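What follows is a set of notes on a single structure, which appears directly below.
Fair warning: this is a prediction, and the values are worked out from it, not measured in the lab.
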Amino acid sequence: MKVRFTETVLRDSQQSLLATRMPYSVFEDILKAMDRAGYYSLECWGGATFDSCLRYLNEDPWERLRNIRKNVKNTKLQMLLRGQNLLGYKHYPDDVVRKFVAKAIENGIDIIRNFDALNDLRNLEVSVDETIKRGGEAQIAISYTTSPVHTLEAYAKLGKQMEEMGASSICIKDMAGIMGPQEAYDLVKALKETVKVPIDLHTHSTTGLAPLTLLKAVEAGADIIDTSISSMSGGTSQYSTESMVYALRQLGYEVDLDDAVLKEINDYFKPVKNKYLETGLLDPYVMGVETDALNYQIPGGMLSNLIAQLKAQNAIGRLSEVLAETPKVRAELGYPPLVTPMSQMVGVQAVSNVIAGERYKNVSKEVRAYVRGEYGTPPGEIDPEIIKKVLGDEPRITDRYAASLPPEFEKFKKEIGDLAKSDEDVLSYALFPAIAEKFLKERKEKEENKAVYTIVEA
Ligand code: CO
């Protein structure tokens, strides 16, 4: 049996280890080798990479994508997309979603990994439809979590619906690295028995389970696994590519990756990693194993957030109460997967319930919107008493929320005016208004200065 690899070093790995601060210039010279390695795909674009390009690196994210494409001619380029939320956490109208997907594919993306924090497939309808229309591959990801309503049957049914929607493959996305080997085995098996499309497993090394989980997923029939070149692997990143290749070959699996090229890629990233360790951007702490998430059954990032919130309110002594309150709140809200933005919403509510001394006395506008149904349908039922307490007599939304949003692309285009030189610029502005405007202004000033110099020199 053949196992294929998605390399994450250009997106998730550097996002997890380096807060996505790796400029294009740092990896440009290794792209041609990466194209020769034999990867199934290179994950290279997504929310944080796009944001970080504009916010910190003074790079045009679209230009980065085109430059990667110029150097990577044969291997598929992959991006991560939050469905109707595109690269952020709010719903965009359908015209903006369609335009973004079309432009991502036009600029070089082959595979779009679509996911929704609640696994509400209505939030993926439009992005998946447009991906397929534009000739792209629409991978659909399951936001993985555990709860009494997240049974194997429920996941298999979800997988079937994804296949019917046109998914080219299905990814199990364990963003917190809390999936154990038996869970991986059972879930992959259940999906393989239900759908025909390839199954991809995405996990993180945070809790140390990753290689076991990946191996058991492969044993159950997973077709693709997400890994990172070894010097940029481990900890909050993905598990090491070369180690999985070695182990899987020893166990009799077929892997198409070229070991010599993998070594070349790893040798390239070793000094890159060392440089980031020296500058402090890479904290050795995030490369270790952190098992607290397994004890509390909440993602590591969420745990550190809860601690930070309590410290800010001089209430760190109440951590154990908050840790007991968190799963209660999650159950009452219908067991949302604890991924952004749900993890923040549940966390803030749990802290508030403990500190205020009265449960749901204070409710954030995000939790209110969630209870109203703006984010989609929760996996389980929201406690009727909580609905009443939060909404009063206000009705809940049962339709796809984005269907109620009027088209906005032309509005954004008008707003940003001639600072935008292309529809891509308009999309940057639509997604990250303040930072994109600043970026486009600075770009214009630079170009004007250049023009002045050229005239003087002439
Ligand atoms: Co991830």
Side-chain angles (χ1 to χ4, degrees), residues 9-31 43-72 77 79-82 85-90 92-93 95-97 99-109 272 275-276 278-282 340 408-458:
V9 67
L10 303 180
R11 205 286 296 176
D12 204 356
S13 165
Q14 65 125 340
Q15 179 175 333
S16 304
L17 296 177
L18 304 171
T20 341
R21 301 294 166 77
M22 197 187 280
Y24 173 74
S25 58
V26 166
F27 59 79
E28 178 178 21
D29 292 343
I30 198 63
L31 288 172
E43 194 195 29
C44 62
W45 223 51
T49 39
F50 198 103
D51 182 4
S52 180
C53 274
L54 292 168
R55 195 186 297 265
Y56 302 112
L57 303 172
N58 198 27
E59 263 186 57
D60 181 345
W62 299 96
E63 195 181 317
R64 171 184 289 209
L65 175 56
R66 289 190 295 270
N67 284 333
I68 296 174
R69 182 80 281 176
K70 255 185 236 160
N71 287 286
V72 180
L77 297 182
M79 75 167 295
L80 182 66
L81 192 79
R82 311 179 70 96
N85 298 347
L86 294 177
L87 307 178
Y89 303 109
K90 65 164 210 168
Y92 290 90
D95 69 321
V96 177
V97 173
K99 193 80 170 177
F100 183 87
V101 167
K103 285 292 171 187
I105 291 172
E106 199 183 305
N107 281 272
I109 290 293
V272 169
K275 195 193 81 190
Y276 284 121
E278 274 165 29
T279 60
L281 190 58
L282 175 54
T340 314
E408 268 191 333
F409 185 79
E410 292 305 322
K411 187 202 86 179
F412 286 124
K413 198 170 175 169
K414 224 181 194 165
E415 264 176 35
I416 192 67
D418 60 6
L419 278 182
K421 299 259 178 281
S422 60
D423 284 357
E424 284 83 347
D425 288 343
V426 177
L427 287 164
S428 299
Y429 173 70
L431 294 169
F432 300 100
I435 58 158
E437 188 175 1
K438 183 168 170 278
F439 172 83
L440 295 172
K441 256 191 197 141
E442 284 171 9
R443 185 180 72 182
K444 193 177 172 213
E445 280 159 19
K446 233 189 283 167
E447 275 162 12
E448 282 167 358
N449 285 341
K450 215 159 66 188
V452 171
Y453 283 126
T454 320
I455 293 164
V456 172
E457 279 168 20

For the student: nearest non-hydrogen atoms of [X] and [Y], plus distance:
X     : Y      : result
Ser52 : Arg21  : OG-CD, 3.9 Å
Leu81 : Val101 : CD2-CG2, 4.0 Å
Val26 : Val272 : CG1-CG1, 3.8 Å
Trp45 : Pro61  : NE1-O, 3.1 Å
Gly46 : Met79  : CA-CE, 4.5 Å

Residue pair [X] / [Y], side-chain heavy-atom distance below 4.5 Å:
X      : Y      : answer
Arg443 : Leu419 : no
Leu77  : Leu65  : yes
Lys90  : Tyr92  : yes
Glu28  : Asn67  : no

Exercise. Under the 3.5 angstrom rule, does the side chain of Asn58 hit a backbone N or O of Cys53 as a donor-acceptor pair?
Worked result: no

Exercise. Would you say Glu59's side chain and Tyr24's backbone share a donor-acceptor pair under 3.5 angstrom?
Worked result: yes

For this session: Evaluate side-chain contact (heavy atoms from CB on, under 4.5 Å) for Leu427 paired with Phe412, printing each intermediate quantity in order.
Result: CA-CA 8 Å; Leu427 287 164; Phe412 286 124; over 6 Å; no

Problem set entry | Within 45° cone and under 6.0 Å: Lys411 NZ/CZ vs Phe409 ring | no

For this session: Would you kindly check if the NZ (Lys) or CZ (Arg) of Arg82 is within the cone defined by 45 degrees around the ring axis of Tyr89 and under 6.0 Å from the six-membered ring centre?
Result: no

I need the [X] [atom1] to [Y] [atom2] distance, nearest 0.5 Å.
X      : Y      : atom1 : atom2 : result
Thr279 : Tyr276 : OG1   : OH    : 7.5 Å
Ile68  : Asn107 : CD1   : CG    : 11.5 Å
Leu80  : Leu87  : CG    : CG    : 8.5 Å
Glu43  : Arg11  : CD    : CZ    : 4.0 Å
Ile416 : Lys413 : CD1   : NZ    : 13.0 Å

Between [X] and [Y], does any side-chain N to carboxylate O distance fall below 4.0 Å?
X      : Y      : value
Glu278 : Lys275 : no
Asp425 : Lys421 : no
Glu442 : Lys438 : yes

For this session: Before giving the answer on side-chain contact (heavy atoms from CB on, under 4.5 Å), spell out for Lys444 and Phe439 the whole-Å C-alpha distance, their side-chain angles and the decisive distance to 0.1 Å.
Result: CA-CA 9 Å; Lys444 193 177 172 213; Phe439 172 83; over 6 Å; no

Listed pairs under 3.5 Å, donor-acceptor, residues 428-437 side chains, sequence neighbours left out:
residue : atom : partner : partner atom : Å
Ser428  : OG   : Trp62   : NE1          : 3.0
Ser428  : OG   : Glu424  : O            : 3.2
Tyr429  : OH   : Glu415  : OE1          : 2.6

Exercise. Does Glu106 have any side-chain hydrogen bond (donor to acceptor under 3.5 Å, both in side chains) partners at least two apart in sequence or in another chain, and if so, which?
Worked result: Lys103

For this session: Run the numbers on Thr49 and Leu10 for side-chain contact (heavy atoms from CB on, under 4.5 Å), then give the verdict.
Result: CA-CA 9 Å; Thr49 39; Leu10 303 180; over 6 Å; no

For this session: Evaluate side-chain contact (heavy atoms from CB on, under 4.5 Å) for Val72 paired with Arg69, printing each intermediate quantity in order.
Result: CA-CA 5 Å; Val72 180; Arg69 182 80 281 176; 4.3 Å; yes

